[in-house]
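What you see is a predicted model; the values in this text were computed from it and never measured.
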There are 2 protein chains.
Amino acid sequence: MTQIKICPGSCDTGAKMQHAAFKLDKVDCSACPIRHRAVCARCEEDELERLNAIKFYRSYKAGETIVWAGDAMDFVASVVGGVASLSQTMEDGRRQMVGLLLASDFIGRPNRNTVAYDVTAVSDVTLCCFRRKPFEEMLVDTPHISQRLLEMTLDELDAAREWMLILGRKTAREKIASFLSIIARRESATDGAEVGSDVAFDLPLTREAMADYLGLTLETVSRQMSGLKRDGVIRLEGKRRVLVPDFNLLLDETGDDADGGVLV
Amino acid sequence: MTQIKICPGSCDTGAKMQHAAFKLDKVDCSACPIRHRAVCARCEEDELERLNAIKFYRSYKAGETIVWAGDAMDFVASVVGGVASLSQTMEDGRRQMVGLLLASDFIGRPNRNTVAYDVTAVSDVTLCCFRRKPFEEMLVDTPHISQRLLEMTLDELDAAREWMLILGRKTAREKIASFLSIIARRESATDGAEVGSDVAFDLPLTREAMADYLGLTLETVSRQMSGLKRDGVIRLEGKRRVLVPDFNLLLDETGDDADGGVLV
DNA sequence: GGCAAATCTTGATCTGGGTCAAGGTGTGCC
DNA sequence: GGCACACCTTGACCCAGATCAAGATTTGCC
């Protein structure tokens with residue numbers, strides 16, 4: 001059972017919230033788990049109210065397609081919880097994931113009403129959707145939104161470029177290690193957990209989806225996961241939970257600069 | 001001799017301008033070859049004047065490094081003419097190009113004063129540079145600039161994602177064919193030439209740079225170019241000039257949808 | 001013109017990861 | 001409990017593209 005915590009703020013009880021528990025009515029933005037990271041992060045009260053008037057929530061089950069490439073989409077959205085992916089498929093079935101969308105990430109392109117990639121719910125996903133037209137109008141007269149969107153787009157571009165190095169030049173083992181460390185970093189950022197030497201997290205993707213992400217086959221993904229386990233770099237609990245006894249050991253396997261540019 | 005035409009407007013004499021011919025003084029923006037495509041595309045007269053006050057030109061010879069990854073950069077810039085690249089290098093020398101910057105493309109990230117990738121002049125390059133601080137200020141109070149920058153960043157993100165499919169899933173031959181058709185498309189857009197069946201253009205990159213772009217070795221690039229030539233898909237004049245007798249033949253080799261989503 | 005350096009081509013061989021195939025493990029449903 | 005389905009692992013073999021190597025072509029410089 002894939003459970004994603006989207007507990008707003010300081011929900012640290014053992015009880016894990018299911019997505020379904022996030023009621024799909026107009027939620028007060030101030031209680032929203034992504035209030036300070038999403039496209040609305042910099043909005044003032046009055047701006048939030050305008051957004052509130054054009055927003056609605058939608059949920060998708062794991063595996064469901066949210067939109068197909070080329071289809072019209074009459075809204076843009078923020079991922080409130082869960083994981084979605086952007087992917088391209090060639091005629092003969094080869095598929096490449098080109099975006100992995102976690103909580104607070106933005107879906108859709110302003111001033112373009114069709115979508116260029118398949119958008120798929122990887123786990124159960126909840127979106128906070130804004131009607132396209134009024135959102136585009138707000139974009140024009142609300143710098144707090146357009147500036148935040150620019151910043152988020154630049155971050156995504158950086159991520160895409162890091163990904164290009166992974167796809168173009170890394171070995172299968174380095175790809176897996178890079179993927180694991182990216183997920184570990186993002187998860188711990190979300191949890192706000194201490195980045196101690198001991199890291200543990202649930203993989204949000206199946207082996208097949210990891211293969212689509214990394215430009216590999218699922219067999220190779222499986223073999224490399226086994227390899228990293230055999231060599232003591234990771235441990236596995238079930239198929240999805242990953243324990244990293246020594247994070248630096250994992251980083252050594254990524255092929256990246258030891259502790260290179262400490263970009264703060 | 002790599003010659004890049006940066007003739008503003010309707011310069012269609014046979015005489016090819018060298019970069020050096022573009023005088024590095026304060027050029028009047030209205031005569032600028034990228035006036036309507038760069039980050040300043042939507043600016044009004046008064047906004048251009050503000051930009052004019054903070055701009056200066058710089059030129060680089062082919063092969064020169066413009067900035068190294070991690071270095072501080074006290075300006076942002078538009079490519080006026082020539083071709084530059086963004087690339088990442090791993091410790092052991094493996095290199096991946098992550099951006100190819102042609103005329104009108106933007107260099108630098110607002111609100112971040114170090115650069116994340118090596119920026120290199122691939123051919124002789126001229127930049128129109130804006131001092132960072134005042135540019136960032138203008139970004140805040142000049143929606144014409146921030147909106148255009150958002151649009152350009154979204155375009156680059158789309159290009160990066162197309163590139164990810166190429167890197168992750170295409171064969172060497174498909175990579176080369178995809179690269180050639182991308183260049184052909186961009187070149188003809190620049191020339192404003194008719195997209196007839198007969199297309200001809202100069203490759204802006206060496207075989208090695210193409211390899212860095214496509215995640216291949218230079219030997220494989222050379223072999224695949226020879227293969228496409230042998231099969232009549234392209235013809236070569238010297239090493240750099242490419243003639244495409246039937247553009248659809250080239251498109252067939254890219255592995256992409258025949259005439260898929262006609263995204264207008 | 002002639003030499004050196006850069007760039008490109010082609011050949012021979014090797015290998016990482018793909019492909020094909022078989023079976024294992026976990027989970028939900030009747 | 002047991003069956004079905006989704007997901008994962010492992011093995012055997014193969015091939016596209018890397019690597020190593022030699023030489024061809026082009027360009028620039030004296």
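- Each of A:V125, A:L127, A:L86, A:V83 was compared with A:L101 under the side chain to side chain contact (heavy atoms under 4.5 Å, CB included) criterion, and only A:L86 meets it.
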Give the B/S/- string for nucleotides 9-19 of chain D, one per nucleotide from 5' to 3', where a protein heavy atom under 4.0 Å of the base yields B, of only the sugar-phosphate yields S, and otherwise -.
-> BBBB----SSB
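- What separates CD1 of A:I176 from P of C:dG16 is a distance of 16 Å, to the nearest Å.
- Following rounding to the nearest Å, A:R241 (CZ) and C:dG26 (P) show an atom-to-atom distance of 17 Å.
- No side-chain donor-acceptor contact under 3.5 Å links B:D231 to the backbone of B:L228.
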Test salt bridge (charged side-chain N to carboxylate O under 4.0 Å, His left out) applied to A:K239 and A:D202, step by step | CA-CA 9 Å; A:K239 302 197 154 198; A:D202 285 316; over 6 Å; no
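- When all heavy atoms are compared, the tightest approach of A:R169 to B:R94 is O-NH1, 2.9 Å.
- Straight-line distance from the CZ atom of B:R94 to the P atom of C:dG16: 13 Å, rounded to whole Å.
- Legend: residues meeting ring pair (Phe, Tyr, Trp, His ring centres under 6.0 Å) with A:F201, ordered by chain and number and at least two apart, are absent.
- Whole-Å rounding puts the A:K61 NZ to D:dA6 C1' distance at 17 Å.
- With rounding to whole Å, B:L203 atom CG is found 13 Å from C:dT7 atom C1'.
- Note on A:R240: a side-chain N or O is less than 4.0 Å away from OP1 or OP2 of D:dC8.
- Taking both residues in full, the closest heavy atoms of A:E174 and B:M90 are given as OE1-CE, 4.2 Å, listed atom of the first, atom of the second, then distance.
- Following rounding to the nearest Å, A:E208 (CD) and D:dA6 (P) show an atom-to-atom distance of 12 Å.
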